[in-house]
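Read the structure below first, then the notes.
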There are 2 protein chains.
Amino acid sequence: MKEQFKLENQLCFRLYTASRLITQAYYPLLSEHGLTYPQYLVLLVLWEKDAQPVNDIAKRLMLETNTVTPLLKRMEAEGILSRRKGKEDARQMIVSLTRKGRDLQDRLSDVPATVGGAVICHSVTPETVPGLFGMLDDVIATLKDNINDKPVKE
Amino acid sequence: MKEQFKLENQLCFRLYTASRLITQAYYPLLSEHGLTYPQYLVLLVLWEKDAQPVNDIAKRLMLETNTVTPLLKRMEAEGILSRRKGKEDARQMIVSLTRKGRDLQDRLSDVPATVGGAVICHSVTPETVPGLFGMLDDVIATLKDNINDKPVKE
DNA sequence: GTATTTTATATCGTTCACGATGCAAATATA
DNA sequence: TATATTTGCATCGTGAACGATATAAAATAC
């Protein structure tokens with residue numbers, strides 16, 4: 001009843017802290033271009049495939065639309081992307097990169113390597129990264145399933 | 001210039017997602033007691049050692065005081081803890097648990113095991129957890145150093 | 001074809017995170 | 001002991017996250 005409450009034994013606290021610190025490592029690289037880290041994630045999704053509905057972006061990032069919608073609106077205000085109603089399905093909002101949004105990929109070309117280099121350490125190297133990725137992917141998949149199963153129609 | 005931008009190759013996105021999903025797993029367990037996850041972290045710190053100044057709590061959680069102060073004020077309003085000026089150093093605010101705050105430890109006694117069980121999966125087991133902890137601790141330490149080194153007095 | 005349900009987004013309120021800045025108490029320096 | 005600097009905490013503004021709820025369009029049922 002004591003040991004389990006120690007901060008050192010918490011996986012969540014480690015993930016939470018590591019996530020925050022890496023995001024902070026992105027900060028100087030992104031803010032230079034007027035971007036935040038979640039906005040950068042949206043760009044990663046759109047660079048892979050342009051012109052997607054809000055829902056596809058949200059699903060890819062495993063976020064809710066109530067998080068993504070305001071994010072996209074801010075990016076639209078910055079001229080990074082545009083949002084237009086879907087032609088087939090008028091409920092959808094199709095999000096497309098503007099010229100400015102596409103050009104950012106070149107301007108941010110050294111961001112991944114810079115941040116990647118900053119996290120290399122004794123136990124996290126090109127050799128061990130796949131194992132780490134696997135464990136995190138596994139945790140994510142497990143939790144995702146649990147959450148989806150949760151709404152038990154009583 | 002393409003591969004490095006893929007979401008699947010990003011450590012940060014995995015950490016960010018895993019962190020968010022575990023926090024969501026805590027939600028039903030904590031909200032029942034009127035707590036959020038960051039508030040739970042504050043409790044973990046205070047259960048280990050009561051009556052700490054704001055700065056010690058912030059350092060332990062690797063957060064800034066501008067994040068912790070409002071958090072503590074909300075918890076004070078909930079009657080979970082109290083804040084009083086330090087006697088030796090009048091700049092300090094000493095944060096102490098109330099009876100209610102101490103009692104929460106018993107009421108939350110099965111939270112760690114419940115969440116811990118929810119993340120157990122193929123590649124994350126009691127055997128592999130120490131390795132995962134080590135890698136995350138290493139990343140955290142490395143990033144923490146980088147951030148502390150950053151303010152280069154030019 | 002109208003009613004019901006589902007789906008795609010959006011709005012709202014609260015709570016973090018965090019950069020920037022302010023202020024007062026303590027400490028160091030002159 | 002005056003002055004400068006550092007330290008501890010707080011305030012402010014902005015941008016996420018996210019639970020709850022709303023709204024309109026599409027799909028389904030009747």
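Lettering follows sequence order; numbering is per chain, from 1. Worth knowing before you read on, the calculation uses all heavy atoms, side chains too, and leaves out hydrogens, waters and symmetry mates.
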So, is [X] near the phosphate of [N], with a side-chain N or O under 4.0 Å from OP1 or OP2?
X	N	result
Gln24(B)	dC18(D)	yes
Asn66(B)	dA10(D)	no
Arg91(A)	dT23(D)	no
Tyr16(A)	dA17(C)	yes
Thr67(B)	dC18(C)	no
Lys73(A)	dT11(C)	yes
Arg20(B)	dA17(C)	no
Arg84(A)	dT9(C)	no

Practice item. Step by step, work out the salt bridge (Lys or Arg N to Asp or Glu O under 4.0 Å) result for Asp103(B) and Arg107(B). Key: CA-CA 7 Å; Asp103(B) 288 352; Arg107(B) 315 185 67 195; over 6 Å; no
Point to revise | Closest-nucleotide ordering on DNA chain D, the 5'-leading residue of Lys85(A) and Gln39(A) | key: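 Taking each residue's closest nucleotide, the earlier one in sequence belongs to Gln39(A).
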Check your understanding: Pick the nucleotide of DNA chain D nearest each of Glu88(A) and Met62(A); which residue has the one closer to the 5' end?
Key ->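 The residue whose closest nucleotide sits nearer the 5' end is Met62(A).
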Would you mind reading off the distance between [X] atom [atom1] and [N] atom [atom2], rounded to a whole angstrom?
X	N	atom1	atom2	answer
Gln92(A)	dT9(C)	CD	P	5 Å
Asn55(A)	dA25(D)	CG	C1'	14 Å
Met93(B)	dT7(D)	CE	P	21 Å
Leu72(B)	dT15(C)	CG	P	14 Å
Leu143(A)	dC18(D)	CG	P	12 Å
Asp89(B)	dA10(D)	CG	P	13 Å
Asp56(B)	dT7(D)	CG	P	15 Å
Tyr26(A)	dA16(D)	OH	P	16 Å

Taking any heavy-atom pair under 4.0 Å as a contact, classify [X]: base, sugar-phosphate, or nothing.
X	value
Pro53(A)	sugar-phosphate
Thr36(B)	sugar-phosphate
Tyr37(B)	nothing

Point to revise | Any Leu35(A) side-chain heavy atom under 4.5 Å of Leu108(A) side chain | key: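 SC-SC contact between Leu35(A) and Leu108(A) confirmed.
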Review point. Same cluster for Ile94(B) and Trp47(B) if Ile/Leu/Val/Met/Phe/Trp/Tyr side chains link at under 4.5 Å?
Key: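 No: no chain of side-chain contacts under 4.5 Å links Ile94(B) to Trp47(B).
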Exercise for review: Determine, for Arg60(A) against Asp56(A), whether the closest basic-nitrogen to carboxylate-oxygen distance falls under 4.0 angstrom.
Suggested key: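 No salt bridge links Arg60(A) with Asp56(A).
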Point to revise | Residue Val54(A), side-chain heavy atoms: nucleotide from dA10(C), dA17(D), dG19(C) that is nearest | key: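 Looking only at heavy atoms from C-beta outward on Val54(A), the closest nucleotide is dA10(C).
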**Study point:** Mutual orientation of the aromatic rings belonging to Tyr37(B) and Tyr16(A) [parallel < 30°, tilted 30-60°, perpendicular > 60°]
**Key:**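 Answer is perpendicular, since the angle exceeds 60°.
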Point to revise | Glu76(B) side-chain N/O to Leu71(B) backbone N/O, donor-acceptor pair under 3.5 Å | key: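 Not confirmed, Glu76(B) side chain does not pair with Leu71(B) backbone.
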